[in-house]
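Working notes for the structure below.
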Amino acid sequence: MTPAAQSSAAPRAWPEEAARVPAWIYSDPALFERELEVFHHGATWSYVGLECEIPEPGSYKRSWVGRRPVILVRDKDGEINVLENRCAHRGTMVCWQNRGQAKDLTCPYHHWNYDLKGNLQGLPFLRGALGKGGMPRDFDKSAHGLRRLRVERRGGTVWASYSEEAPSLEAFIGPEMLACIDRVFPANRRLRLIGYNRQHLPCNWKLYFENSRDPYHAGLLHSFFVTFGLLRTDTPFRAVPTEGGRHGIMASTYSPETASQQNEVTQQLTSWRPDFRIQDMELVKPVDEFGDSSMINLSVFPSVFFQQHGNCLAVRQILPKSQSETELSWTHYGFENDDPAMQARRLKQANLVGPAGYVGIDDSEVLAQLQPSAEKLPEALQVVEMGGRDTGAHETMVSETLIRSFYAFYRASMGL
Amino acid sequence: MTPAAQSSAAPRAWPEEAARVPAWIYSDPALFERELEVFHHGATWSYVGLECEIPEPGSYKRSWVGRRPVILVRDKDGEINVLENRCAHRGTMVCWQNRGQAKDLTCPYHHWNYDLKGNLQGLPFLRGALGKGGMPRDFDKSAHGLRRLRVERRGGTVWASYSEEAPSLEAFIGPEMLACIDRVFPANRRLRLIGYNRQHLPCNWKLYFENSRDPYHAGLLHSFFVTFGLLRTDTPFRAVPTEGGRHGIMASTYSPETASQQNEVTQQLTSWRPDFRIQDMELVKPVDEFGDSSMINLSVFPSVFFQQHGNCLAVRQILPKSQSETELSWTHYGFENDDPAMQARRLKQANLVGPAGYVGIDDSEVLAQLQPSAEKLPEALQVVEMGGRDTGAHETMVSETLIRSFYAFYRASMGL
Amino acid sequence: MTPAAQSSAAPRAWPEEAARVPAWIYSDPALFERELEVFHHGATWSYVGLECEIPEPGSYKRSWVGRRPVILVRDKDGEINVLENRCAHRGTMVCWQNRGQAKDLTCPYHHWNYDLKGNLQGLPFLRGALGKGGMPRDFDKSAHGLRRLRVERRGGTVWASYSEEAPSLEAFIGPEMLACIDRVFPANRRLRLIGYNRQHLPCNWKLYFENSRDPYHAGLLHSFFVTFGLLRTDTPFRAVPTEGGRHGIMASTYSPETASQQNEVTQQLTSWRPDFRIQDMELVKPVDEFGDSSMINLSVFPSVFFQQHGNCLAVRQILPKSQSETELSWTHYGFENDDPAMQARRLKQANLVGPAGYVGIDDSEVLAQLQPSAEKLPEALQVVEMGGRDTGAHETMVSETLIRSFYAFYRASMGL
Amino acid sequence: MTTVATTVATQKEREVRALLRDLNDDYAVCLDDMELARWPDFFEEEADYRVVSRENHEQGLELSALSCTGRAMLLDRVAALESTTVYEPRAIRHLVGCVTLDALEGELCRARANFALYESLSDREPHLLMVGRYLDVVSLAGERPLFRQRWCVYDNYRIRTSLIIPV
Amino acid sequence: MTTVATTVATQKEREVRALLRDLNDDYAVCLDDMELARWPDFFEEEADYRVVSRENHEQGLELSALSCTGRAMLLDRVAALESTTVYEPRAIRHLVGCVTLDALEGELCRARANFALYESLSDREPHLLMVGRYLDVVSLAGERPLFRQRWCVYDNYRIRTSLIIPV
Amino acid sequence: MTTVATTVATQKEREVRALLRDLNDDYAVCLDDMELARWPDFFEEEADYRVVSRENHEQGLELSALSCTGRAMLLDRVAALESTTVYEPRAIRHLVGCVTLDALEGELCRARANFALYESLSDREPHLLMVGRYLDVVSLAGERPLFRQRWCVYDNYRIRTSLIIPV
Ligand code: FES
Ligand code: FES
Ligand code: FES
Ligand SMILES: [Fe+3]
Ligand SMILES: [Fe+3]
Ligand SMILES: [Fe+3]
């Protein structure tokens with residue numbers, strides 16, 4: 001239970017000292033509301049799903065932009081529309097199923113009926129019954145559709161924005177990040193949906209962002225990764241803030257040859273378990289399907305991470321639910337021409353991540369220990385100066401540059 | 001989980017546009033507190049129970065006025081008293097049983113003892129023990145009774161008010177509504193208590209009021225009603241705001257002959273299921289016991305609805321628990337001389353309403369889908385212009401006049 | 001569920017009338033936060049544990065100061081340190097076990113390592129890896145230890161303070177109370193840990209304080225006590241506020257001879273059950289181990305009560321969790337040379353207190369009935385004038401002087 | 001009927017109790033699987049099925065939150081759920097335990113069992129919807145035991161939002 | 001005693017386990033029905049009944065939240081609940097499962113079972129009060145099995161408000 | 001396999017169902033006791049163990065939150081929990097009920113059971129972690145029944161924080 005969080009009328013001041021983050025940003029409910037307005041519902045793009053989830057005309061699924069419920073639906077022209085899931089009449093959620101197939105959308109309350117572009121097609125008793133009642137003559141159906149968001153797609157991913165001011169998706173993501181995303185959504189391969197994992201974290205969404213932009217922890221907290229050399233602090237690594245810190249690229253290198261080598265660097269790895277062995281080694285022996293020995297974790301602010309851990313490919317949607325609750329929604333995918341071995345490999349390696357993942361557990365457990373301390377000690381400061389105090393790109397895992405750059409961007413956006 | 005609701009220091013402005021209701025009124029905790037003070041604890045009357053629930057001297061039951069706990073008790077003179085369930089000493093609830101029989105009321109904490117009118121009769125060690133302790137000599141027992149509310153009764157119903165300024169119950173309810181209430185509490189028949197249903201709704205209390213003052217939805221959402229002609233959009237109907245919109249009368253007409261007719265009106269009823277049949281038709285074949293073919297739903301603001309659906313008679317107390325939680329407390333009743341067939345009929349038809357009712361479910365499910373969208377989109381507007389933009393009495397089901405009139409009254413009272 | 005509590009920007013005014021306490025102090029979340037700062041995290045001392053719980057070098061247990069998590073650890077010099085359980089790096093709880101044995105403390109997230117005095121000993125990749133990353137050269141390990149609190153011990157009890165301004169523990173507790181505490185922690189006897197009881201109360205922490213400083217209720221609410229004469233309103237009793245009302249002593253007298261006598265005083269005891277008998281009377285026949293026939297309950301504000309009910313010795317830590325939630329953490333102890341009979345007796349008499357205690361239940365049940373009424377009627381006043389309106393020491397159970405003196409102190413400290 | 005109560009159970013009684021455990025589990029699984037069409041088959045023609053609050057039950061008040069007197073009403077309840085009722089998709093999960101045989105006379109027995117119902121709505125964690133006790137009269141005359149009476153007496157003061165699937 | 005553990009159960013052991021399931025259900029129903037007067041009858045004269053936190057139990061600390069050594073204390077607990085204890089009315093509902101027979105020697109057995117307790121206060125929905133494990137020693141010597149020891153080890157870190165009805 | 005469904009159970013089927021109840025209870029206790037080393041012994045060599053959401057299961061999506069294909073992966077999961085996984089100490093408590101035998105052919109049966117999992121973290125009250133249904137294929141060929149398949153299909157939309165101990 002969150003203790004009564006303080007939400008100062010006057011915003012608190014960010015600490016002067018460089019490379020510090022104040023703990024109160026993780027528990028203030030009014031700040032949380034403002035973040036949603038500035039970021040998620042503001043001039044940004046949010047990932048909302050994959051095209052392959054709604055393959056046919058009439059296919060739909062529910063999703064979220066920030067905290068707002070939306071419907072992702074493919075209309076009969078094959079276009080994808082993202083509609084707010086709120087009836088224009090009296091505000092009921094129109095769509096109550098998480099996914100399905102529909103010819104149109106009818107609100108259960110008074111049966112107002114919308115087409116798949118969100119236009120109000122009709123409503124019962126528009127002209128009354130037996131000469132009585134009905135809507136005013138000047139009622140304009142075209143002004144009472146479902147709110148429709150801007151939509152862009154890329155490589156099978158679908159994005160939405162509430163903002164007319166937001167730049168194009170391409171410009172918003174930026175070229176460096178785009179290249180990384182395109183790599184895991186190759187133009188010549190069709191996506192295959194493998195399934196979902198959904199996880200509720202008892203922490204502020206920014207703590208999750210920090211965690212997932214933090215290579216420093218990966219080689220220490222995650223004994224499993226370390227022990228099997230899936231992540232090595234001594235192989236090439238890139239931590240690249242892009243678009244002024246808004247996004248962040250983490251790319252590591254995996255080589256089966258050096259995966260278990262010990263040296264001066266690994267001696268600092270207090271989590272290395274040299275005598276820990278597993279029997280089914282396929283879990284930790286990925287095939288280099290993209291031909292570059294790389295593993296990636298891409299933070300596309302504010303809504304999503306793209307990850308490739310070995311042959312486990314997933315999109316991780318970050319859904320802030322309150323100042324102390326965050327939902328992770330993982331969509332795992334493969335490609336249509338995956339052979340049975342690759343299909344099995346992706347499923348097996350999925351055991352690494354998610355709410356029951358060999359490394360996923362470590363993160364969710366740590367985050368559950370962070371939020372209470374942030375709430376109970378809101379005036380405390382986080383120290384983020386590993387790798388220096390700058391916000392540039394670093395070529396090492398032992399750096400917090402992606403967190404510093406994130407907060408540089410955050411403060412500028414929030415005026416903090 | 002309610003997301004951190006915004007509770008602006010400066011009250012937000014009601015939208016200019018006619019026939020619009022802003023969604024933020026359903027989630028603001030400070031507004032909720034003010035509503036309780038203005039309405040429930042202010043110059044109004046709240047229904048608190050039926051006389052037949054406390055038949056004997058000493059009979060009591062617990063009830064609520066707004067969010068405040070009260071005890072309804074019949075004293076030895078046969079008078080009914082409504083007492084705040086809070087000890088005048090240090091504030092413990094005095095009465096811990098939902099109902100029972102008592103000669104007096106003793107607080108468990110220090111055994112202060114009150115008579116059934118709430119007067120402090122005695123307290124242990126008033127004069128100390130062995131010459132030490134005790135209450136100050138000027139302690140005035142008569143100033144430390146249980147807080148006693150104004151009480152009025154009518155036709156077996158019991159009402160209470162915190163306010164000396166409130167007009168008489170009769171004036172508060174007003175003549176038009178009184179006539180409707182008297183109809184279902186006939187002077188010549190004694191009430192028989194059939195039982196309770198209690199339901200917790202995850203929505204703001206005003207959403208429930210809107211729902212229950214909204215004939216437009218009844219013919220659409222409630223397939224069951226529609227299919228069996230219990231409510232027909234083409235038979236005489238009255239939607240009458242009274243006392244400046246404070247209260248609202250809905251009266252429909254049921255005729256077994258026309259119940260299943262189809263015509264131009266019913267063709268607009270998208271929820272008509274012509275081939276749906278049930279086997280035990282007694283459920284939907286009420287007997288016209290009041291001789292006027294009428295079915296009613298009376299909204300007596302702020303505390304109660306009176307309903308007669310066929311032969312199912314019930315009082316529905318509306319208990320606001322927080323800005324996002326409302327309790328419904330249904331008391332079903334019949335009359336002492338009901339014959340066994342009528343007794344069985346009332347019980348059978350009770351399957352229509354309440355938390356498991358054939359039509360009750362539809363409402364609670366819709367309301368559960370309304371609150372989250374109101375919370376997540378507080379700046380959205382509800383459109384209530386079915387039947388026009390006026391607030392007069394309408395003779396059709398396809399009208400939202402009872403909602404508009406309710407908000408006209410609400411805004412005037414709240415200064416919004 | 002706590003209804004949305006009002007937290008006025010402008011603090012509310014304390015009532016003018018003497019011997020009154022306003023109910024709003026039990027539900028205001030902002031007031032609660034301020035209380036923690038003024039009292040628990042301010043210039044006071046908080047009980048945090050017993051020395052015998054961490055007997056060896058390296059023994060540790062987790063505890064709380066106010067709402068802040070701390071670690072109580074004995075270092076290799078045998079010194080006891082109290083450290084905030086928050087990593088100086090990014091704020092994770094360092095210690096995840098409630099108790100144990102450790103050589104040092106390592107944060108799971110990035111393996112920063114602290115010695116048992118809280119000093120940062122080392123951190124992985126302080127100087128980077130392969131020439132990249134690492135902490136800035138000017139990073140000062142000595143400035144990034146775990147926050148260490150002031151610690152004092154007395155008679156086997158351990159105390160901590162966040163404040164440099166707080167006086168010595170001895171001065172804070174004061175001589176009169178110290179003598180009472182020393183009595184139940186005799187210098188010549190080593191403590192034996194018997195076990196814990198932990199209880200979650202749905203009430204404001206001050207309601208618990210009132211309850212436990214209130215001899216008036218003890219002889220009325222607690223039928224069990226009364227019936228077996230464990231507490232008698234007619235035997236010598238002392239209710240002594242100390243240090244300006246901050247602390248409070250309650251000392252009663254038990255005599256097996258008079259335990260079941262009836263007289264003019266006991267006739268006022270409405271809770272006396274003369275024909276109630278139990279079969280195993282050892283429960284209510286304590287042995288007078290301190291030679292003074294006394295039973296005590298000592299309130300050492302803000303963190304703890306010391307109690308001796310017969311041969312049941314316990315420390316009761318009061319942990320405020322929110323404005324409406326309080327945790328009680330009971331540590332029962334005996335002495336190392338207790339003979340088997342005394343060991344059994346202490347265990348048997350432990351049935352009197354705690355969450356399932358013969359008298360403990362009465363208190364928790366009453367408190368659960370107090371908080372809702374305080375929340376729903378925040379403007380109501382508690383009347384505390386039993387025994388007069390003064391705040392001096394009284395020699396009777398029928399007095400609320402310890403509550404009045406508590407609020408005199410409280411108001412002065414809080415500026416209310 | 002002879003009351004079984006605290007006396008020592010006979011072999012026959014222990015067998016019937018085992019049968020009742022199977023019956024209770026089969027019944028619960030039918031509902032959890034949402035195989036509503038099979039639900040009326042657990043009852044005799046003269047079925048007396050009720051979902052009733054402890055409050056009403058203990059005061060002897062007749063009102064139920066849901067009642068079906070006779071198989072026709074059981075079938076109607078199923079038909080309405082499938083055709084007319086509007087509700088958010090959900091999963092129901094039963095745990096049934098503490099099955100007791102209270103009385104046994106010829107081919108009729110009086111029995112009870114505890115139930116807990118968990119509800120999982122479409123985008124939330126499961127929550128406890130209801131706990132309570134089944135009060136049954138079971139006929140053992142046919143090849144399968146059938147409920148003549150099943151009263152589901154729930155401990156809840158209030159029902160959380162809606163009660164849709166029978167208990 | 002012989003430890004049953006992971007070995008294959010004998011016919012005798014399976015029968016005793018069935019007996020224990022009945023015993024556990026009867027015991028729970030007695031409490032849920034608030035028939036407290038019958039509760040001590042489930043125990044031998046030398047009863048060792050405890051409700052103890054996992055925390056104390058695992059550290060070998062002797063303190064219980066509630067303990068009755070001997071039938072006299074069981075009777076006293078019942079008497080006090082009926083005569084002196086002040087508490088808000090409530091309903092308790094048990095679910096008991098995962099009954100295991102851990103060791104069987106002659107007419108004495110060591111057994112365990114999981115319990116979940118739901119509490120329904122007078123104006124609220126039910127909540128989970130406690131989960132844990134019974135650690136039992138059961139005598140099979142008489143015509144009904146009786147508890148020589150029943151330790152109720154609860155997983156809760158804290159008890160929610162009060163523990164009134166025995167577990 | 002022959003589907004048992006709503007037909008009348010044979011004596012053999014009732015015996016197998018009783019055996020499955022014992023198996024389910026033994027399995028749950030093994031996990032509640034945190035005797036993880038014994039957990040793989042409940043499975044055949046070709047074990048197909050999955051913890052999967054109802055969402056994935058009903059859509060025919062292959063992803064599990066946790067999957068072990070073959071005993072080696074069961075052993076690896078245990079080894080990792082004991083050696084590398086970082087998590088807050090906790091207690092898990094199972095209730096398993098509504099065991100059904102769905103089909104029986106020779107020495108192989110298809111069976112199901114409902115589960116509820118409660119989790120007690122180190123300084124909090126227990127909460128409901130998960131409810132759902134086991135979908136099993138059990139081999140009766142050996143001296144002890146063994147799972148060939150155990151799919152734990154949970155009703156939760158989301159997993160609360162982490163799933164650490166197998167279901
Ligand atoms: S709210 Fe959607 S149709 Fe009325
Ligand atoms: S609070 Fe009621 S008598 Fe003291
Ligand atoms: S947060 Fe503790 S080491 Fe990083
Ligand atoms: Fe990680
Ligand atoms: Fe309706
Ligand atoms: Fe007390």
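Just so we're on the same page: letters track the sequence lines, and every chain starts at 1. Note that these values count all heavy atoms, side chains included, but never hydrogens, waters or copies made by symmetry. Being a predicted model, the structure only gives us computed values, none of them experimental.
Side-chain contact check for E:L95 versus D:N114: some heavy-atom pair is nearer than 4.5 Å. Put simply, the side chain of E:H94 does not reach to within 4.5 Å of the side chain of D:V131, judged on heavy atoms. With contacts defined as side-chain heavy-atom distances shorter than 4.5 Å, the pair D:N156/E:R124 does not qualify. Side-chain atoms of E:H127 and D:L128, non-hydrogen and from C-beta on, never get closer than 4.5 Å to each other.
A distance of 10.0 Å separates CG of D:L101 from CG of E:D26, quoted to the nearest 0.5 Å. The structure places CZ of E:R93 at 13.5 Å from OH of D:Y154, a figure rounded to the nearest 0.5 Å. Separating the CG atom in E:D32 from the CG atom in D:D155 is a distance of 8.0 Å, to the nearest 0.5 Å.
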Given salt bridge (charged side-chain N to carboxylate O under 4.0 Å, His left out), test D:R21 with E:D22 step by step and report yes or no.
-> CA-CA 11 Å; D:R21 286 199 176 100; E:D22 285 354; 2.9 Å; yes
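Chain E is approached within less than 4.5 Å, heavy atom to heavy atom, by D:Y157, D:R158 from residues 157-167 of chain D, ordered by number. Inspection of non-hydrogen atoms places D:R54 of residues 47-60 of chain D under 4.5 Å from chain E.
Within a 6.0 Å sphere centred on CD of E:E46, heavy atoms belonging to other residues, nucleotides or ligands number 12 at most.
Contact of E:A18 with chain D is made through backbone and side chain together, with heavy-atom distances under 4.5 Å.
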